[in-house]
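Presented below is the structure to which this report refers.
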2 protein chains.
Amino acid sequence: MRQSKGAQGVDGASAKAPTIRDVARVAGVSVASVSRVLNGLGPVTEHTRRKVFDAAAELRYVPHSGARSLSTSRTDTVGVILPDLFGEFFSELIRGLDVAARERGLHLLVSSSHDHADDAAAAVRNLRGRVDGLIVMSPHLASANLAASLVGNLPTLTLNGALDDETQPSIVVDNHGGAAEATRHLIAGGRRSIAHIAGPAGNLEAEARLAGYLEAMADAGLPSRVIDGDFDQASGHRAGRVLASEAERPDAVFAGNDMMAVGALLAFREAGLRCPQDVALCGFDDVPIAALVSPGLTTMRISIADVGRRALGRLADRIGGAATGQQPMREIVRPQLVARESSLSAGDIGATASRAADPVSQGGAR
Amino acid sequence: MRQSKGAQGVDGASAKAPTIRDVARVAGVSVASVSRVLNGLGPVTEHTRRKVFDAAAELRYVPHSGARSLSTSRTDTVGVILPDLFGEFFSELIRGLDVAARERGLHLLVSSSHDHADDAAAAVRNLRGRVDGLIVMSPHLASANLAASLVGNLPTLTLNGALDDETQPSIVVDNHGGAAEATRHLIAGGRRSIAHIAGPAGNLEAEARLAGYLEAMADAGLPSRVIDGDFDQASGHRAGRVLASEAERPDAVFAGNDMMAVGALLAFREAGLRCPQDVALCGFDDVPIAALVSPGLTTMRISIADVGRRALGRLADRIGGAATGQQPMREIVRPQLVARESSLSAGDIGATASRAADPVSQGGAR
DNA sequence: CTGTTAGCGCTTTCAT
DNA sequence: ATGAAAGCGCTAACAG
C-alpha cells in the first residue's frame, strides 16, 4: 500500500476527511473529471477512470452529500413530522415509509412527538434545505396547513389532516365511515344498546370516529351513549368499569381504538361479564394485540404500513415532477372490518372452534 | 401588507425561496449583517436589527440549513442505522432517541431495515456530510465495526454490537446475564426440565441469550434442551406445539423473546396444558403484550427507550467534544426480571388475586 | 475527452 | 458597527 504524496497518509485515521480535490490531485486530473467518473456521467477515458478510482480508494474518499445537495439542490431526503405516536402504529408507519423510500433511493429525516402546532412548525422550518419534501401528520387542528405554508413551496403531503382542506395533497383514513361500519356491524349482530368509548377531545381522528358512531346509531333509530377516554388502555379500563356497573348496562361497546377496547375487555372480565355473550366489543386499528387477546377482538383494520408506503410514493412522484393533475388531491383509505369473537352474536357462539388459527397470523420478529 | 420592491411579491407562493441575499437587499444591509442578526451573534445596531427582521418577515425567509451546514461543518443531525426491527422495540428505541435528540436541538436521520452488513455500510456512506455522528445497531456480525470505519472518523456509537470489540464506544444489553437470570428464576421455582426456544442463528442477541441459558442450566447440573425459533410469534407457536407433544414434556420454557413466548403460550393452551401449573414460561424484552396476555408473562425487562436516550446522550457528548476518556467505552444495560403469573411455582399459585391490577399498568395512546 | 470556473446559500475573518 | 470577500465541497456549464 503506497503512501499518498499529500500530507495525509492512507492510515491517518484522524485529521480531515479527503475532499474531491484531494482525489483530483492524487489522481492527477481535475475535479471535474473526478466528479464525472464518480457519478458515471460525462464521457471519460478508461485510463482516467482507473486513476480516479484508484485515488479514491487510496484516500478512502467518501463524497460529501451535503455539499452535493447544495450544488444540485436536491437532498434525496424527505422529512417526516409526526405527533406523539405510540407503539405499533408508529413503527408500522415508519416501516412503510422507509421501505418505499429505500426503493427510490431516498432518506428519511424523522421528527416525531410534535403535539403542538407551533412545535411542529418550528420543526418544519428547521428542515428547509435538508429535505426535498415533507410528510406531515398532525392529529390536531389544521397545523399541517400552517406548517406547510411556513416552509414556502416545498412539496408536502398531509396524513390524516383536517377534513376541510381539499387544497393540500393528502391521504386520510376514513375514520367516520369506518366507525359507522363498526357500529352497524354490532347492530347487525342484534345489539341495541351500544356505547362508545371516545378518544381525546381535539383529536381529529377521535372526533371522526365518534361522529361515525353517532350517525350510525341515529340512522338505526337507537339512542347513543358516549363515555370519554383518551386512546390509552387505562382510560378504556376505567370506561369499561363504569359501563359494567351501570343500571342499564349496554350490550355492546364500540371503542375508539383497540387499546381502549382491550382495557374495557379486562374491566368486563373483572366485573364477571362474559364477552361476547353479555357484551359485544369492537375496537379500531387492528393492532397486533387485538388478535392475541381472548376473545379475539373485532376491529377495523387500517394497514398503516401501506398508508406510509403510499404517502411516500405520492410525495416522491410530486418531487420527481410527476403528474400533479391527474391524481386526486385527497386519497382515502377505508378501514376494513375484521370480525373476531368479541362481537359474535348469540346465534353464532357455537361456531368458535377456529380460534386456534388466528392468534398466530400476525408476524413480528424482534 | 406592502410589496417588496424585488421581483417576488410576498404572496408569490411559487418561484424560488428567498435567500439571505434577498433579505439583505430588501433590508438595505449586507448579507453579513443579516447573518449576524439572525444568529444573534455579532454586535448590531438596534436599527439594522429591526430592518433585517422586517425584511425577513416580509419575505417569509427561512434559512437554508443545508448551506449553513456546509459553512459551519455541523449538521446538528445524527444518523441512525437500524436492522429490521419490528413493533414496540423499534418505536420505543426511536422514541428514546428522539426525545434525547430534541433536548439537544438535534435531528434524527433514520435508516432502518438493514439486515446485511454491506447494505448498512452503503447507508453509512450516504450519510457522510449529512450527519455529525452515527448510532449503529447491527445484530449481525461485526458489521458495525466495518461500517464505522468506512465513513472515516465520524463519532459513532454502537448498539448491541459484537462483544469482542472493546475499542468502539457502545451500549450493550447484557443478554447473556439476563438469560441466565431468567433461567435461574425458573429453577428457583422448582422447575427441573427447562427448554429454551432460541432466536435466529447468527443473531448476536439470540446467541447471547442461548449461551446464558446453557450456562445457567449447566451450573445447576440440569440437562438443557434447545429448540429453534426466529424471534417471531409463529415460530414460538410451532416450538410450543412440538414441546407440548413430547414424551418428556418440559415443566418450564424460557423463550428467547416475548413474541415467541406468547406463541408458545397459545400452543400450550391449545394443547390443553395449563400455565403455569403444567408448564412455566418466561420471555425476554417485556413488550407491552407481555402484561396483557393471560396469564401475565414473566419476562426480562429492557427499558429500550432508555437505551435510546442514553445512546444519543453519549454520542452527543462526543460530538460536542465532551469527555472522551473518563467514560467507559462500553456501557452495559442489565435486563430486569419482571415476575408475572406465567412462572409462578406450584406453592404460590393461590396468591394470584392481584391479576386485576397489572393489565392496566402499561400506557400507550395511539 | 478534459480542465477552468462560476456558483449553490451561508458563515466568518478581515478591513473599514 | 458594518461590508467585502473568501471559502465549505461539490456540480455543471463552457471552453479548449
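Lettering follows sequence order; numbering is per chain, from 1.
What separates CZ of R36(A) from P of dG9(D) is a distance of 21 Å, to the nearest Å. For H64(A) and dG7(D), the NE2 to P distance is 17 Å, given to the nearest whole Å. Atom CZ in R21(A) sits roughly 13 Å away from atom C1' in dT11(D) (whole-Å rounding). dG9(D) atom P lies 16 Å from atom CZ of R130(B), rounded to whole Å. As a whole-Å value, the separation of R125(B) CZ from dG9(D) P is 17 Å. Between E46(A) atom CD and dC1(C) atom P there is a gap of 12 Å when expressed in whole angstrom units. What separates NZ of K51(A) from P of dC1(C) is a distance of 15 Å, to the nearest Å. As a whole-Å value, the separation of I20(A) CD1 from dA12(D) P is 11 Å.
For Y61(B), whose side chain is taken as the heavy atoms from C-beta onward, the closest listed nucleotide among dA4(D), dC10(C), dC10(D) is dC10(C). Side-chain proximity of N39(B) to dT11(C), dC10(C), dC10(D): nearest is dT11(C).
For the pair R68(B) and dT11(C), the criterion of a side-chain N or O lying under 4.0 Å from OP1 or OP2 is met. For the OP1/OP2 pair of dA4(D) and a distance below 4.0 Å, the side-chain nitrogens and oxygens of S30(B) include no atom meeting the criterion. At dG3(C), one or more side-chain N or O atoms of S33(A) fall inside 4.0 Å of OP1 or OP2 (strictly under the cut-off). Applying the 4.0 Å criterion to OP1 and OP2 of dG9(D), one finds that S71(A) has every side-chain N and O outside that range. Contact annotation: S35(A) side-chain N/O to dT11(D) OP1/OP2 distance is under 4.0 Å.
The backbone N or O of A123(B) sits nowhere less than 3.5 Å from a side-chain atom of N126(B) that would complete a donor-acceptor pair. Between the S69(B) side chain and the S65(B) main chain, a donor and an acceptor come within less than 3.5 Å of each other. Here the side chain of N39(B) pairs a donor or acceptor atom with the backbone of S35(B) at under 3.5 angstrom.
The residues D306(B) and R309(B) are annotated as salt-bridged, a charged nitrogen and a carboxylate oxygen being separated by less than 4.0 angstrom.
Summarising the geometry of F90(A) relative to S91(B), their closest heavy-atom pair is CD2-CB, 3.4 Å, with the distance given to 0.1 Å.
Across all strands, S65(B) comes closer than 4.0 Å to no nucleic acid atom at all (heavy-atom distances). Across all strands shown, T45(B) has heavy atoms under 4.0 Å from sugar-phosphate atoms exclusively, and none from any base. Using a 4.0 Å heavy-atom distance criterion, T19(A) is classed as a sugar-phosphate-only contact.
Across the interface with DNA chain D, nearest-nucleotide mapping of V31(B) and S69(B) shows V31(B) to be the residue nearer the 5′ end. Toward the 5′ end of DNA chain D lies the nearest nucleotide of R49(B), the other residue of the pair R49(B) and L70(B) mapping further downstream.
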